[in-house]
Amino acid sequence: MKSNALRKEEPAQPEQRRIRNCLKCNDKFESAWAGERVCRKCKGGSSWQSSGLDGISARSSGGRR
């Protein structure tokens with residue numbers, strides 16, 4: 001078996017701007033890259049700017065710590 005047979009093929013072009021749902025408010029927004037999942041409105045809020053964990057810890061039911 002070839003060593004590259006198990007590798008995931010890379011896309012021809014990296015993912016570009018795309019409409020996504022914000023993980024915080026669920027509104028649709030245009031993200032610049034695949035890792036941008038929170039809209040600018042939510043990033044401007046005080047809970048995002050403080051620790052970033054305030055809104056997450058209340059909804060979380062365990063997970064990694």
Side-chain angles (χ1 to χ4, degrees):
M1 180 184 285
K2 292 182 181 179
S3 64
N4 63 359
L6 299 176
R7 290 185 186 174
K8 188 175 179 180
E9 289 196 29
E10 296 293 323
Q13 290 186 341
E15 200 168 336
Q16 300 294 318
R17 292 185 179 270
R18 184 172 161 188
I19 302 299
R20 301 185 191 278
N21 289 337
C22 173
L23 294 179
K24 191 164 171 97
C25 69
N26 206 31
D27 284 347
K28 293 188 182 298
F29 74 102
E30 184 179 1
S31 70
W33 60 289
E36 184 179 25
R37 300 298 176 122
V38 178
C39 69
R40 288 184 182 149
K41 180 180 77 173
C42 290
K43 284 182 182 178
S46 60
S47 66
W48 179 265
Q49 293 178 2
S50 61
S51 69
L53 299 176
D54 296 344
I56 295 171
S57 62
R59 295 191 315 248
S60 179
S61 61
R64 292 193 286 183
R65 291 182 181 197

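The structure presented is a predicted model; accordingly, all values stated were derived computationally and were not measured.
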Visitor: What distance separates Ser31 OG from Ile19 CD1, expressed to the nearest 0.5 Å?
Guide: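 Ser31 atom OG to Ile19 atom CD1 measures 7.5 Å (nearest 0.5 Å).
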Visitor: Looking at SG of Cys42 and CG of Asp27, how far apart are the two atoms once the value is rounded to the nearest 0.5 Å?
Guide: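 The CG atom of Asp27 is 7.0 Å from SG of Cys42, to the nearest 0.5 Å.
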Visitor: Which heavy atom of Arg20 sits nearest to which heavy atom of Trp33, and what is that distance?
Guide: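 Minimum heavy-atom separation between Arg20 and Trp33: NE-O, 3.9 Å.
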Visitor: Taking only residues two or more places apart in sequence or in another chain, which ones pass salt bridge (charged side-chain N to carboxylate O under 4.0 Å, His left out) with Lys28?
Guide: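 By the salt bridge (charged side-chain N to carboxylate O under 4.0 Å, His left out) rule, Lys28 matches no residue at all.
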Visitor: Sequence neighbours left out, what passes salt bridge (charged side-chain N to carboxylate O under 4.0 Å, His left out) with Glu36? Give chain and number order.
Guide: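 Glu36 satisfies salt bridge (charged side-chain N to carboxylate O under 4.0 Å, His left out) with Lys43 only.
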